[in-house]
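Pasting a structure below so you can have a look.
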Amino acid sequence: MLELFSPDWFTRADILIEVFSFIVLLTFFIISIKNYKLTKNKKLLMLGIGFFLISIAELATILTKFVLYYKTTLIQNFGNIIVQYSSLHSSDLPYDLGFFMYKLFTLGGLYIIYRLHLKNRNFGDVILSALFIIIASLAGQMIYYVFHITVLVLLGLIISEYNQIYEKNKSKNTKMLVSSFFILAVGQAFFILSNLKIAYVIGQLLQLISYLIFLAIIIKINKNGWSKRN
Amino acid sequence: MDGQKETSPKKRSRLEVIADMIRILQEKGGKIKPTHLMYKANLSHKTMKGYLSDLKKNGLVKEQTTESKSDRKSKIMLILTNKGRDFSTNYSKIIEFEKTFGI
């Protein structure tokens, strides 16, 4: 079942925020892979794959929402009754598939970023977690907040991991990273309440702030690297 | 055992060894004999061979064989490529990136 949480006045901004998030995530992916090619550090490869999966998830939701909003705008010309029917009761497979991909890749990507620092890499755990990710993505198609709760839990674990890293290295960039993941987690808490359209808008704005911090980290790393060289 | 641990210097990471090798090459004007690089980078013959093979495979360093006019013996020199120079440029960025993510 498709559910449109975005208020009409926010539909374009909504997609723009996701396009921005996609670009930032793709940049992280490119940097990770570029660094991996030079250093052969497998953790960089894993980090890159994690960011790549989340960026693909963003792309899936951008394309799905774009088509969905476009379709809704077209139908809107024929009257409000048809709009409501299309938004709430449509069962079109491509949209379901698009949102499923978004959920699956987001959870998969976050899980990889979380696993990155775990020393115990039991293959059975990975298989079991993959199964739970698929189940959470499928359940999220029927009960939307199941997905957001799962993301919130994963982000909580990631925040805890990176906070420990910050305690050790005291790097300002890591502190920014923790803040960014924290804001993203607060955003997810708002998405859980997406039935209230304003909560969805706040969630999206928090996501924008979070990705702006991610972008600031990239700029800072490049600037510091450059100044250390000179 | 414990005493040995305290006195021995911290083992360099793979990235640190590579960065050291590239730095030494740059200091020598981008050209050095393999044996000189081995001593200056503080590596054993076996480790040096492994790292050098990686550096060559990734195009950071290339080998040049020249024949000495005086004794007609061929000399192998290691040459730093443009990609190797780029690596040096990006090294601090990589370190900063890895530090940020604790990897």
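Here is how names work: the chains are called A, B, and so on, in the same order as the sequence lines, proteins then strands, and each is numbered from 1.
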Task: Parallel, tilted or perpendicular: ring planes of Phe28(A) versus Phe97(B), cut at 30 and 60 degrees - done: tilted
Open item on the list: Using 0.5 Å steps for rounding, measure from the NZ atom of Lys223(A) to the CD atom of Glu96(B).
Closed with: 12.5 Å
Task: Separation of Asn169(A) CG from Glu98(B) CD (nearest 0.5 Å) - done: 12.5 Å
Open item on the list: With chain B as the partner, which of Ile165(A), Leu47(A), Ile217(A) has the greatest number of non-hydrogen pairs under 4.5 Å?
Closed with: Leu47(A)
Task: Residue, of Lys43(A), Lys168(A), Glu161(A), that accumulates the most heavy atom pairs under 4.5 Å with chain B - done: Lys43(A)
- [ ] Look at atom NZ of Lys83(B) and say whether more than 12 heavy atoms of other residues, nucleotides or ligands are closer to it than 6.0 Å.
- [x] yes
Task: Partner set under side-chain hydrogen bond (donor to acceptor under 3.5 Å, both in side chains) for Thr81(B), not counting sequence neighbours - done: none
TODO: Could you tell me which portion of Ile218(A) (side chain, backbone, both or neither) has an atom closer than 4.5 angstrom to a non-hydrogen atom of chain B?
DONE: neither
TODO: Against chain A, label Leu60(B) side chain, backbone, both or neither, depending on which of its atoms sit under 4.5 Å from a heavy atom there.
DONE: side chain
Open item on the list: Could you measure the distance from the CZ atom of Phe87(B) to the CG atom of Asn35(A)? Nearest 0.5 Å is fine.
Closed with: 9.5 Å
TODO: Under the side chain to side chain contact (heavy atoms under 4.5 Å, CB included) rule, collect the residues that match up with Lys42(A), sequence neighbours excluded.
DONE: none
TODO: Side chain from CB out, backbone as N, CA, C, O: work out which of these in Ile113(A) comes under 4.5 Å of a heavy atom of chain B, or both, or neither.
DONE: neither
- [ ] Kindly compute the distance separating CG (Asn90(B)) from NZ (Lys34(A)), expressed to the nearest 0.5 Å.
- [x] 5.0 Å
Task: OH on Tyr162(A) to OG1 on Thr100(B), rounded to 0.5 Å - done: 10.0 Å
Task: Greater than 12 external heavy atoms within 6.0 Å of Tyr111(A)'s OH - done: yes
Task: Part of Leu177(A) within contact of chain B (heavy atom distance under 4.5 Å) - done: side chain
Task: Minimum side-chain heavy-atom gap Asn58(B)-Lys40(A) below 4.5 Å - done: yes
Task: Flag if over 12 foreign heavy atoms under 6.0 Å of CZ, Phe20(A) - done: yes
Task: Distance in Å, Lys99(B) NZ paired with Asn173(A) CG, rounded so as to fall on 0.5 Å steps - done: 8.0 Å
Open item on the list: Check this for me: Lys175(A), atom NZ, are more than 12 non-hydrogen atoms of other residues, nucleotides or ligands nearer than 6.0 Å?
Closed with: no
Open item on the list: Among residues at least two apart in sequence or on other chains, which ones pass ring pair (Phe, Tyr, Trp, His ring centres under 6.0 Å) with His36(B)?
Closed with: none
Open item on the list: Sort by residue number and list every residue of residues 37-52 of chain B having at least one heavy atom under 4.5 Å from chain A.
Closed with: none
